[in-house]
Amino acid sequence: MTKPVVNVANAQKVFGKKSENQFKALDNVSFTIEEGEFVGIMGPSGAGKTTLLNVVSTLDKATSGKIEIAGQDITDMKQNELADFRSEQLGFIFQDFNLLENLTVYENIALPLSLQGVSSRKIKPLVIEVAEKLGIKSVLQKYPVTISGGQKQRAAAARALVHEPAIILADEPTGALDSKNAHSLMRTMEQLNQFHDVSIMLVTHDPLSASYCERILFIQDGNLYKEIKKTGDKQHFHQQILNVLAELTSIHSL
Amino acid sequence: MLVKLLSSSMKKMWKDYLVLLFGLTISIAIFYMFETLAQNQAFLEANALISSIVFVFHVGTFILALVTIFYIFYATSFILSLRQKELGMYMTLGAKKGKVTQMMFLETLIIGIFSLIIGLVFGVGLSEGIARLLMSRLDFSGEGFEAFYPSSLVTTILFYFVLFLLTAIVNAIRVARKSVLELLHADQKADTKTIKGWKTFLGTLIAIVLITVGYVAMINMGDLAHLGVLIAAATVTPGTYFFFMAMLPFLIKRIKAIRSINEKGLNSFTYAQLNFRVSQLTKVLGTVTMLIALGLGAMTAGLSFYHNTEIHSSLMHGYDIKVHQPTEDELAEMKNWELEERNLYSYRVTDDGVYFSKHDLQANPPVIKEIGGNLEELSKEVRLTDDLTAPVYTDEETDDAESIPEQWQTALRTELMANFYLFGDRTLYILDQEKFEEINASTQTVLIGKVDNFTDYTDTLAKIDERHHQLAIDYTGEDPTMIGSKYESYTSLKSLANGTIFMGLFLGVAFLMMMASVLMFKLLSSATADIERYQMLRKIGVRQAKLKISIYKELFLVFLFPGLIGLVHVLIGMEMFSFILIEPYTKLWIPISLFLVIYGLYYWLTVKMYQRIVLPKD
């Protein structure tokens with residue numbers, strides 16, 4: 001039996017001070033992600049996707065509720081503990097890559113390991129291994145500005161993976177990529193998930209990218225609206241996603 | 001339309017422009033400050049101990065101009081880096097290259113002229129303020145010094161106007177040469193240098209040769225005179241820049257290449273920060289080094305002149321304190337002083353003679369100073385021996401008595417102050433006890449002593465000298481122009497040196513201020529890009545404390561190299577003054593530790609400020 005890698009219970013996030021107009025970005029959201037799962041989070045703009053990701057990724061604090069990652073409750077951790085937690089348990093992939101442009105690709109990927117105090121002897125084989133997995137071994141010595149968007153995102157993925165985090169959090173990773181590169185990246189993520197048991201939480205508004213997931217949670221106005229699971233092939237799942245999205249739009253237009 | 005676009009985008013980025021304006025303004029103000037002294041020939045010649053001071057200032061202008069050119073080109077390239085993305089955007093929307101180039105040209109020039117106006121106003125105020133402060137501290141009237149000096153104003157305006165015109169042209173050419181795409185993506189471009197071994201070697205070699213030649217010139221300043229100053233200025237300045245251009249990128253690359261260091265914690269990021277815009281950094285560090293050398297050098301030289309007044313006054317005086325007929329109050333006060341040597345001698349004064357007791361002189365023979373053959377050699381201290389055998393000695397030509405030996409004459413006249421000023425033309429005698437008792441006058445005493453730190457007691461010594469003057473009036477009927485104490489020669493030498501001290505401190509403060517502003521500019525101008533980087537690091541889970549340490553380390557290296565090399569320049573450079581100062585290295589630790597404390601404090605402040613700007617807030 002698998003154990004949950006992410007467990008969110010009644011998470012609430014309220015913006016604005018008590019005296020002012022308050023806005024509930026998340027309203028009692030609860031869900032779990034099992035180890036080795038590939039879960040997508042979808043929803044229209046402003047539904048609370050990014051807020052949810054920020055709260056799960058410990059970059060932001062939930063107003064109330066409980067969030068556990070890899071069995072650890074992150075809701076009352078201190079800033080330093082959170083930083084350590086992020087560097088050990090989480091891997092990030094962002095839409096705008098977030099690579100440090102003053103470091104080479106190699107150094108960017110090696111950074112999470114250096115931060116954990118892994119000795120440089122052990123770092124090199126690990127970086128090369130993950131670079132091979134993602135097909136960017138040839139650009140390791142280059143600076144981010146000199147490589148393509150697709151390569152950048154693979155480099156970012158490599159950095160997210162290299163320290164074997166409990167879960168990878170991806171925020172619109174295909175947002176800045178063309179469809180070919182987007183496909184290729186999603187296939188790589190799918191393979192990582194299937195063959196290397198990497199747990200992934202993917203936030204996206206792109207139905208095609210989402211169709212690589214095993215399960216998708218739809219968020220609407222800060223609430224969990226619907227959950228669908230992949231039962232058939234990718235095409236079928238894609239259609240399912242489009243249907244739900246259509247439902248969501250029609251609710252909105254009413 | 002062009003103007004409208006220009007002004008609206010300038011408004012948008014006013015914070016960045018403020019940083020730039022601040023950097024330029026300080027540079028202009030300092031340049032002007034320097035010129036108020038450099039061009040005021042009358043003031044320089046009237047107040048300096050160095051005969052060729054005007055020439056020295058000309059060379060100083062040359063060095064400062066060189067350093068300023070480097071700095072201004074670096075600073076104005078910041079405008080380009082701020083604006084090129086936007087210019088590229090205009091071009092994608094259809095703006096013609098000529099228009100965009102023109103915009104860049106105008107913008108650089110306008111900012112230059114604007115900062116020139118503020119800088120000059122600021123410069124006049126700063127000159128006035130600092131000059132007044134120093135003058136009141138030094139008790140220096142500073143006649144002839146003018147904070148508002150028209151010819152310096154003109155020079156500064158001309159120099160900077162040409163400089164800004166040049167930088168405007170350079171910026172315009174840079175824009176004109178770049179394609180739209182290059183402009184759009186310019187801010188992402190790394191400028192890490194590809195280092196070729198032979199280039200580093202050649203650069204280092206040139207640096208070492210230049211600096212060595214400069215050092216040799218400075219050490220042999222006495223022989224080379226004007227030529228030496230020129231050689232030193234023309235070699236050490238470019239040598240310093242060469243050193244940073246060749247060595248620094250190489251050094252950082254080397255450190256980065258050591259994987260066990262580079263891949264430890266945040267080190268890879270810290271060194272990358274230094275490596276990323278290394279060519280800009282080398283210019284900044286070269287400039288900072290030269291400013292430290294100039295500033296600290298000027299201050300050290302000024303203070304050196306100050307300390308030399310003490311040494312100078314000790315040349316003639318073996319004893320620091322000489323008190324005739326000390327009063328009860330004076331004796332009581334001197335009890336608290338830490339006297340290394342304290343001798344009392346009895347004497348009697350009649351209408352035509354001053355009689356010293358041989359017994360006292362033999363019991364505690366005093367020391368005298370004997371001047372060596374050449375001026376560079378310090379005077380020697382000689383302890384007199386007990387060789388007075390005759391019952392009576394006198395300094396008058398007579399057959400009745402032996403004449404006082406020459407050394408004893410010096411002792412009495414100088415060290416015991418039995419001189420013409422105090423006693424008029426009375427004859428001096430040294431008598432044995434029997435003869436001494438026969439003199440019909442009351443016994444007086446003169447106290448002489450040595451102290452460790454003469455300058456601590458100047459207040460009391462001034463009062464004692466006042467009493468000496470009164471005493472002289474009593475004995476001779478008139479107030480003498482001088483009295484012959486060490487305190488007296490000290491104060492007169494000091495007033496001579498004050499002008500030079502003033503110049504040294506004035507320039508020292510100016511250069512160090514500019515140094516601070518250059519470093520500040522470097523940091524603030526790179527802060528925007530750094531904010532994003534630190535934000536990313538926080539996201540991937542770097543503790544705040546580690547980010548802080550990284551900033552401490554990065555800035556430490558930025559501060560360390562110029563500080564170190566600037567200090568070496570100063571240490572060698574002080575040798576220049578050995579032909580005019582007796583001991584140029586006396587109390588060198590005072591200005592140096594003062595500098596280290598201020599520099600260290602500035603480092604700490606910069607780190608704190610930088611952390612506030614770039615570190616993400618939780």
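Order of the sequence lines fixes the chain letters, A, B, ..., with proteins taken first and strands second; residue numbering starts at 1 for each chain. Quick caveat: nothing in here was measured; it's all calculated off a predicted structure.
Considering CG of A:Asn108 and CE of B:Met536, their distance stands at 8.5 Å, rounded to 0.5 Å. With values rounded to the nearest 0.5 angstrom, B:Lys546 atom NZ is found 7.0 Å from A:Asp84 atom CG. Here the CD-NZ distance, from B:Glu263 to A:Lys122, works out to 13.5 Å after rounding to the nearest 0.5 Å. The structure places CG of A:Leu115 at 11.0 Å from CZ of B:Phe269, a figure rounded to the nearest 0.5 Å.
Taking A:Leu111, A:Ile123, A:Leu100 one by one and counting their heavy-atom pairs under 4.5 Å with chain B, the maximum is reached by A:Leu100. Heavy-atom pairs under 4.5 Å with chain B were tallied for A:Thr146, A:Thr58, A:Leu59; the largest tally goes to A:Leu59. Taking A:Gly117, A:Ser114, A:Ser87 one by one and counting their heavy-atom pairs under 4.5 Å with chain B, the maximum is reached by A:Ser114.
Proximity to chain B is limited to the backbone of A:Leu99, based on heavy atoms less than 4.5 angstrom apart. Interface residue B:Gln273: backbone and side-chain heavy atoms are both found under 4.5 Å from chain A. The contact between A:Phe94 and chain B is made entirely by side chain atoms (from C-beta outward), counting heavy-atom distances below 4.5 Å. Only the side chain of B:Leu537 comes within contact range of chain A, judged by heavy atoms closer than 4.5 Å.
Looking at A:Glu101 and B:Arg533, a side-chain N of the basic residue comes within less than 4.0 Å of a carboxylate O on the acidic one, giving a salt bridge.
Counting only distance, with no hydrogens or angles, the side chain of A:Arg86 and the backbone of B:Ile540 share no donor-acceptor pair below 3.5 Å.
For the residue pair A:Asn98 and B:Gln535, no side-chain donor N or O sits within less than 3.5 Å of a side-chain acceptor on the partner.
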